[in-house]
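Chain naming here is simple, since letters A, B, ... match the order of the sequence lines and numbering starts at 1 in each.
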Number of protein chains: 4
Amino acid sequence: MENVVAQRIETERQERIERILDAARKLFVEKGYLGATMRDIALEAELSTGAIYVYFSGKDDIYERVCEEAFMVVIGLIKKEAITEGTPRDRIRAIARQYVTFYTDYTEYFEMLTFHDLGFTKRGQSEHLRERLKDLTAQAVRIIEEVMVEGIAGGEFSSDIDSAQASFNLWAGLEGVLILDMMGYLKNFNLDLEKVVQTQLKILLGGIMAKTRE
Amino acid sequence: MENVVAQRIETERQERIERILDAARKLFVEKGYLGATMRDIALEAELSTGAIYVYFSGKDDIYERVCEEAFMVVIGLIKKEAITEGTPRDRIRAIARQYVTFYTDYTEYFEMLTFHDLGFTKRGQSEHLRERLKDLTAQAVRIIEEVMVEGIAGGEFSSDIDSAQASFNLWAGLEGVLILDMMGYLKNFNLDLEKVVQTQLKILLGGIMAKTRE
Amino acid sequence: MENVVAQRIETERQERIERILDAARKLFVEKGYLGATMRDIALEAELSTGAIYVYFSGKDDIYERVCEEAFMVVIGLIKKEAITEGTPRDRIRAIARQYVTFYTDYTEYFEMLTFHDLGFTKRGQSEHLRERLKDLTAQAVRIIEEVMVEGIAGGEFSSDIDSAQASFNLWAGLEGVLILDMMGYLKNFNLDLEKVVQTQLKILLGGIMAKTRE
Amino acid sequence: MENVVAQRIETERQERIERILDAARKLFVEKGYLGATMRDIALEAELSTGAIYVYFSGKDDIYERVCEEAFMVVIGLIKKEAITEGTPRDRIRAIARQYVTFYTDYTEYFEMLTFHDLGFTKRGQSEHLRERLKDLTAQAVRIIEEVMVEGIAGGEFSSDIDSAQASFNLWAGLEGVLILDMMGYLKNFNLDLEKVVQTQLKILLGGIMAKTRE
DNA sequence: AATGAATGAGCTTTCATTCAT
DNA sequence: GATGAATGAAAGCTCATTCAT
């Protein structure tokens, strides 16, 4: 019996934490770390300012946990959906599509991680977040690289380009499109994200596969 | 004689303005619009807080002038160095290289413009800056497009891809590399910017030139 | 039970607001709008500067509410105690005495309204306060005028003087005494307010009643 | 020869001082002591801020000298134009008219002195100004009193009222009209200053002369 | 003497955090 | 646990005064 009560309390607790994180994520993306006030977050989470301090030790703590959550989502996506079927080309295309899906479905998380890197917080602070992001990225790039190595071994990809570099360039090429979309440039140029991504992949993969004549 | 004195005074005045702008640019990039305080800027410029208000009407004014300066630098580079010699491929490569030079030589300006777009300031504010940035970008993309049209006409580039889109993708591919460098990822992966840029151009141009077999 | 608590909280809230207004009134009168600082007011109200902003939106807000309060007091006095008994002469004397009572009992409010008019605030600001004060004054003068009309009709007052003007002059004659007291001149001349007021009324009413021989 | 130069320099000096005082008087009346900035005063006087400190030791000094000037003007008027001809009644009327002339011709000086008294500056400050103003007022009231004593002796004025008090009341009655005009109430009521003053004098003198029947 | 840029204390206001209830 | 009023440090900005020129 008591167990049921304890469980309900715990559920409510998690619910409240999630509400705060949702509010914070939204506001951090919207107004930045300094622009979003604790009062804003409390109001958005439909709580009092004081209540927030029951669940979090302060603004920095919330910020870190929002980033943490963003990590967990990306990691989850990366881990869960390792693509192992099809030609290397198809598999890379699938991985890329997964990244784009992360961007469209979890835009706020994507923006959080991007913003964090671009200096939302004071430099020097949350060095460990930066470290984790670095590891995560390395992991992601390595996944692409493995497929690429296979592709080169199978002759599908040109051996002119180092597989590690090619992976990085692939990522950069896609990242560029997503960030420009985030900045609103696709809208400015009346371009469709889906189409631009497709074209970009066609170009990048075409460029990697082609015998370079330089 | 007086003329000399007046000139010296004017020079010192410009020097001071530049010192303030330098300090502001550095701190805006480092800590963001809200994170950089007027006191910080004054200290960095080795002035008292009050002195800044002799030259600028307030924080917003400084911010706008820093952005303005960044604009002027980019516009200057774009206007000055229209590349008209060589094959379309060479010309695009040259334009790209110019963009990379802007990034390496004027990193802070590049970051300012990027940050501005990414929401350093409160959303909605300085709408006109955003508008100018949009125009500027359109201009830059159009320059690439012109060369591309020529390249398609001359048969050097595949006609499979719309020239406007291809230009955009080219830009995105390069921008991605520069932003990842800005974020420190190239360093993380022990990659050399120059080399990655070269590879990226090879890939992108290769992809665009290739008859796509899809 | 909860009702009791809520009531106590509300009481305390009102208490605090009153403490702030008391402090502000005192300091505005003492040092003027610009001379009285928020720190001063907070200190006088035994609160931190921040606490004030829980109850008021800023200095202007406090200022307006202090004036508002002064208005309410005067209006209350005017409305509540319309004097309708006795001869016109007695009634005017009673109204005058009421005005003097307002001055002695609510000196700070009297000073606030006077100061406000004399340019305590930046000119042009709070135009609506000035408008209300004008209305209020018109109201008050009209009350005197009505009695005066009656007095003329009844033959008690001389018909040589226009009733509207006479009312105004009566007011001015009394106001002069009060302001000179406010300035400390009665004390300087070792005069007693009560006595001077009595004499002034005797003179003014005497002058108004007398057949003028000019 | 040198004398001529020295004289010109001295003249220019006086000219500059007068320009500063004119500017200050205007601005103190317009915006109050704190509202008027040294920069405002310098601009109005067509000088640099620094130049002001050659002639005055600071803002307080200017303020005091503006008051001083106001004093000199009033004292000059009082001393110069002792009215000794006509009946006591005519003489008092003439003195009153002189005071009104001071008000209309030197409104700013009149306002300065009034404002000063009403607490433009921090209380306690410039105690000696207050002292001088007190003396001055006593002097002025004494002049009226002398005439009044004469009037009582000659049977023109009622002996019911103490001459000192009557003088004070006369002053207060007139002062009230002038201050209400300063506040803009005459304009509000569409009254003409000249007419109201005349009426006020008629009333006051009538009241003083009449045998009081109380 | 005259200039006006520079200083820095002090203004109003905001906001992360605490704490009595 | 939850509330929201209270705190006080720190923000952007102003301005009397100084001082190198």
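Here B:Tyr55 pairs with B:Arg16 under the side-chain hydrogen bond (donor to acceptor under 3.5 Å, both in side chains) rule; sequence neighbours left out. For the salt bridge (Lys or Arg N to Asp or Glu O under 4.0 Å) test, no residue two or more places apart in sequence or in another chain qualifies with B:Glu64. Applying the salt bridge (Lys or Arg N to Asp or Glu O under 4.0 Å) test to B:Arg13 and every residue at least two apart in sequence or in another chain returns nothing. Scanning for side-chain hydrogen bond (donor to acceptor under 3.5 Å, both in side chains) contacts around B:Thr107 gives an empty result, with sequence neighbours left out. The salt bridge (Lys or Arg N to Asp or Glu O under 4.0 Å) check on B:Glu15 picks up nothing, with sequence neighbours excluded. With sequence neighbours excluded, the residues forming a salt bridge (Lys or Arg N to Asp or Glu O under 4.0 Å) with C:Glu131 are C:Lys134, listed by chain and number. Every residue two or more places apart in sequence or in another chain that forms a side-chain hydrogen bond (donor to acceptor under 3.5 Å, both in side chains) with B:Arg132 is listed here: B:Glu68.
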Step by step, would you call B:Glu12 with B:Arg19 a salt bridge (Lys or Arg N to Asp or Glu O under 4.0 Å)?
CA-CA 10 Å; B:Glu12 281 173 6; B:Arg19 254 214 335 269; over 6 Å; no
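In this structure, the CZ atom of D:Arg8 is 13 Å from the P atom of E:dA1, given to the nearest Å. In this structure, D:Ile52 places its CD1 atom 14 Å from C1' of E:dA1, rounding to the nearest Å. Spacing between atom NZ of C:Lys31 and atom P of E:dT12 amounts to 11 Å, rounded to whole angstrom units.
Where DNA chain F meets chain B (any atom under 4.0 Å from a heavy atom), the bounding nucleotides read 5' to 3' are F:dA11 to F:dT21.
C:Leu113 and C:Cys67 make their closest contact through CD2-O, 4.2 Å (heavy atoms, listed as atom of the first residue, atom of the second, distance). For the residue pair B:Glu108 and B:Val29, the shortest heavy atom distance occurs at O-CG2, 3.8 Å.
Using a 4.0 Å heavy-atom cutoff across all strands shown, A:Tyr53 reaches at least one base atom of the nucleic acid. No engagement by A:Phe56 is indicated, since no non-hydrogen atom pair under 4.0 Å with the nucleic acid exists.
The stretch residues 9-24 of chain B does not touch DNA chain F, since none of its heavy atoms comes less than 4.0 Å from the strand. Applying a 4.0 Å cut-off to non-hydrogen atoms, the residues of residues 37-48 of chain C that approach DNA chain E are C:Thr37, C:Met38, C:Arg39, listed by residue number.
In DNA chain E, the stems built from three or more successive Watson-Crick or G-U pairs (distances below 3.5 Å) are E:2-21 with F:2-21.
Here B:Phe28 and B:Phe115 keep their ring centres 6.0 angstrom or further from each other.
The nearest heavy atom of DNA chain E to A:Ala51 and to A:Gly35 marks one nucleotide each, and the one closer to the 5' end goes with A:Gly35. Between D:Thr49 and C:Gly50, the residue whose closest nucleotide on DNA chain F is further toward the 5' end is C:Gly50.
Residues A:Gln14 and A:Glu10 bring a donor and an acceptor atom of their side chains to less than 3.5 Å of each other.
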Enumerate donor-acceptor pairs with a distance under 3.5 Å from any side-chain N or O in residues 41-51 of chain A to protein atoms, sequence neighbours excluded.
{"from": "A:Glu44", "atom 1": "OE1", "to": "A:Lys26", "atom 2": "NZ", "distance (Å)": "3.3"}
{"from": "A:Glu44", "atom 1": "OE2", "to": "A:Lys26", "atom 2": "NZ", "distance (Å)": "3.2"}
{"from": "A:Ser48", "atom 1": "OG", "to": "A:Ala51", "atom 2": "N", "distance (Å)": "3.3"}

